[in-house]
Structures are given as structure tokens and as C-alpha cells.
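Single-structure report; data block below.
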There are 2 protein chains.
Amino acid sequence: MRMAEGVEWALHSCLNLAWVGPERAVPTAALAAFYELPAAYLNKQLQALARAGVVYSTPGPGGGFRLARDPEQITLLDVVVAIEGREDAFQCTEIRQRGPGATPDAPTAPCLVDQAMRRAEIAWRAELASQTIAELQAAVRQAAPEVPVRARQWFAATP
Amino acid sequence: MRMAEGVEWALHSCLNLAWVGPERAVPTAALAAFYELPAAYLNKQLQALARAGVVYSTPGPGGGFRLARDPEQITLLDVVVAIEGREDAFQCTEIRQRGPGATPDAPTAPCLVDQAMRRAEIAWRAELASQTIAELQAAVRQAAPEVPVRARQWFAATP
DNA sequence: GCCTCGGTACTCGGATAAATCTTGTCCGAGTTGAAAAGG
DNA sequence: CCTTTTCAACTCGGACAAGATTTATCCGAGTACCGAGGC
């Protein structure tokens, strides 16, 4: 159960977009160069963020990506769901209803294994939903105040 | 981020081993036939459970798998870790230390994105670790008391 | 000097291959149990 | 009838392919900016 690497890229890119601010659009090439990532593939992740409504995309010269909302309104869950999709990691295939183990009763109760796994995923999602990009920004500012300054300067200097 | 299907199989199989009890060893073929699963592949999952110490395996005629501990001592996390591995789903590759975005400071603070994601996974793991096979058994007994009876009967009749 | 028009460069967006992981299958090593032979 | 020996069947265990998902790449459609030409 390895999470897609694009999630890490998307989170860091959202953070960078937050540093730059919503006024200026940052093209994929700049976001990719900042961490030496493959630009074409990062673009794919940013497209997913755009489809999910996390970022706006504007084509043409001077175009690129901007945060669609304030960092306070973007949770980590928003980003993860945008990249990984909405469906749960554990998917109950109802094996209990196949073979000799099947219970022929018509009103089948919900699969308790599924319920237990789902409870764990809900806890995971809740923890992700409780953290916003803005809170991440605040934590970074406190731990390493020079990071946002450097990022803003670099992106301002990169056309 | 789809979880391996083997997790579902392993959980249901552990439940069935719990119904049968630790006295009798159940071979892979019986566990697979109960849900019409591919026996050879289910065997692979059971091997993983054996390596993790969740079940005992005994070869030869009359052999098979038994729970290695009481159902109260087996958590859902034990089973999931046995199948999926111990490493986290989100793996920080430290992209922040590559390219122009790298902070040249020697004492690098921990990656806050990684910390945030890890917090969510810890919540997930905690929820899984809080539920045991025995509790699942109790829930099934209450929701559908005939299920354990049917299972015991079927496995007793299957050599 | 101001407006209009055309071109060019730049951006995203989706369609298209390579790599890696999951899923599925197979056969061999080892062990047990039973049956058969001997005492 | 009891003991010993041999055999055969059954079990797990790891090595070996097929399919699916992730990763990576490319080129085309569309847009905004910039310059040139005309009014």
C-alpha cells in the first residue's frame, strides 16, 4: 500500500503556491525546477489538483497555476483526494457471500470487517482534514523562517 | 492507493481460524474453498501471516494453519502489517533538499509535510491496533450468530 | 499618437509508452500417517 | 497381537509468469503578449 509519489509533490507545490500568493500564476516548469522534478509528470498532478478545484489554471504566457482558495480553506485531505482519488484504500469485495461460506439470508448485515477497516480510514481522513495548508505554512515559518523568503525570491526571479 | 486484496482474505481467514479454534489446523485448500478463492495465492498470504507470527503452520497430512495467539491478542493492525508490510504508505523522499529550493543549512529540521502525513497514518494505525479479532468475533456473534456455527460445521466436515 | 491586426512564444491538457508492483500459478522439499510385513 | 518398516499422500514454501497500476514522456489546442502597420 504505497501512496503515490505525486502526493508529496502536490503538497510541496501547494505550499510553494501559497508562498507566492494568488496574484501571480506559477507555471509547471518553475514548480518542477524548484525541486528538480520531471515537469511533464508534475503537470499531470497539477491537472488533478485543478480538476478537484484546489488550484486554478490559466493558459498562455504569464499563465500557470494559482491556489483557488485561501490556504486556510485547503486541507491536506483535499490535496490527497485530488491525487489519489476519492475511493477508500480498503475495498470490500464481499467474499463472505461467495462459496460455502455464503449466508443465504436475504437481509445481509453489513460486512463487519469492512466496517472495522472503514473506521480506521475515517480516522486517517479526519486527521488529514484537520490540517490546512495555512497551518503547515505557520509551522514552517516557525521552524525555518528563511524558507518562505527564499521561495518567494526564487519564484519571483524565475519567469 | 489501493490496499492489497489479500488483506481482506487474510482478515476473513483469521476470523475463520478463530471459529475453528487453535486445536485443529486448517489447510489452505479448505480456507480457500470456503470463499472460492485461488488457493495458491491465499497460501501466499497465509505464509506472510506465518512469518509475522500471527499463525502457526504445520506441514504434512493433518497440517495447515492455526492462530498463534488468542484472538484477544491479535489486532487488525497485526494482520494488515503482516500482509502490507511495516513501512508507511507516505514515504518522504525529501524533495525539499533538491534543486534551488534546497536549504543549505546543515541541521535540517524534520520535513513538516512528512510529519503531517505521518500523524494521519498514526491515527489510522491506532484505530486498527485498537480492534482485535476477538472483538470482531463478538460483533459477528451478535449480528449473525449462525455464521460461526455454520463455519465450524463446514470446516469440521472438510478434511 | 492611438488603434487594429497579425504573429509568435508560451501555457495547459490529454493521449501515448516504459517501469514497477500486485495478482496469479506452478512444482519441489519435508512431514505425517497409515498400511503392510515380520516377530 | 504387537512392533517395525516402508510407502504414499498431503502440506507448506519459495521460485516463476501475467495483468494492472503507477511513473514518465510527448505533442497538439488554445491563449496572451508584443510588435508592426495603418488611421
Side-chain angles (χ1 to χ4, degrees), chain A residues 1-10 13 17 24-33 35-66 68 80 82-85 87-91 93 95 155 158-159, chain B residues 1-10 13 17 24-33 35-66 68 80 82-85 87-91 93 95 155 158-159:
Chain A
M1 193 188 55
R2 217 178 78 261
M3 176 167 281
E5 205 175 359
V7 173
E8 185 184 5
W9 303 1
S13 293
L17 289 176
R24 208 169 92 80
V26 183
T28 302
L31 288 169
Y35 292 129
E36 287 178 353
L37 300 175
Y41 189 37
L42 177 62
N43 185 31
K44 202 179 183 63
Q45 318 299 340
L46 294 171
Q47 282 176 39
L49 289 176
R51 271 193 296 272
V54 175
V55 300
Y56 283 141
S57 70
T58 54
F65 292 91
R66 290 166 293 158
V80 171
I83 304 296
E84 289 284 344
E87 45 189 27
D88 290 349
F90 182 87
Q91 291 182 339
T93 60
I95 63 171
F155 281 108
T158 302
Chain B
M1 193 187 55
R2 216 178 79 263
M3 177 167 281
E5 205 173 358
V7 172
E8 186 183 5
W9 302 2
S13 294
L17 290 176
R24 207 168 95 79
V26 183
T28 302
L31 288 169
Y35 291 130
E36 287 179 353
L37 301 175
Y41 190 37
L42 176 62
N43 185 30
K44 205 180 180 62
Q45 318 297 341
L46 294 170
Q47 283 177 38
L49 289 176
R51 272 193 296 272
V54 176
V55 301
Y56 283 139
S57 69
T58 54
F65 293 91
R66 290 167 293 158
V80 170
I83 304 296
E84 288 285 343
E87 44 190 28
D88 290 348
F90 182 86
Q91 290 181 340
T93 60
I95 62 172
F155 281 109
T158 301

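Source: prediction; values computed, not measured. Every heavy atom of this structure was used, including side-chain atoms; hydrogens, water molecules and symmetry mates were not. Within every chain, numbering begins at 1; the chains are lettered A, B, ... in the order of the sequence lines, protein sequences first and strands thereafter.
Here A:R51 reaches the OP1 or OP2 of C:dG14: one of its side-chain N or O atoms lies under 4.0 Å away. The side chain of A:Y41 contributes an N or O atom lying less than 4.0 Å from OP1 or OP2 of D:dT23. Taking only side-chain nitrogens and oxygens, A:T28 comes nearer than 4.0 Å to OP1 or OP2 of C:dC12.
Between A:P59 and A:R2, the residue anchored closer to the 5' end of DNA chain D is A:R2, taking for each the nucleotide with the nearest heavy atom. The residue among B:P61 and B:A39 whose nearest nucleotide of DNA chain C is located toward the 5' end is B:A39. Nearest-nucleotide positions on DNA chain C place A:V26 closer to the 5' end than the other of A:M1 and A:V26.
Of the possible donor and acceptor atoms, none in the side chain of A:Q45 sits under 3.5 Å from a partner among the backbone N and O of A:V7. A donor-acceptor pair is defined here as one N or O able to donate and one able to accept, closer than 3.5 Å; such a pair exists between the side chain of A:R24 and the backbone of A:F155. Checking side-chain atoms of B:Q91 against main-chain N and O of A:R2 turns up no donor-acceptor pair under 3.5 Å.
Set against C:dC26, C:dG13, D:dT23, the side chain of B:A40 has C:dC26 as its closest nucleotide. With distances taken from any side-chain atom of B:S57 to the nucleotides C:dG13, D:dC12, C:dT23, the minimum falls on D:dC12. Distance from the side chain of B:K44 is smallest to D:dA15 among D:dA15, D:dC12, D:dT22.
The nearest whole Å value for the distance from the CG atom in B:N43 to the P atom in C:dT25 is 13 Å. Atoms CG (A:L31) and C1' (C:dC12) sit 13 Å apart, rounded to a whole Å. Rounded to an integer number of Å, the gap from CD of A:Q91 to P of C:dT23 is 11 Å. In this structure, B:L49 atom CG and D:dG13 atom C1' are separated by 15 Å, rounded to whole Å. The distance from atom CZ of A:R24 to atom P of C:dT11 is 10 Å, rounded to the nearest whole Å. Atom CZ in A:R66 sits roughly 14 Å away from atom P in C:dT11 (whole-Å rounding).
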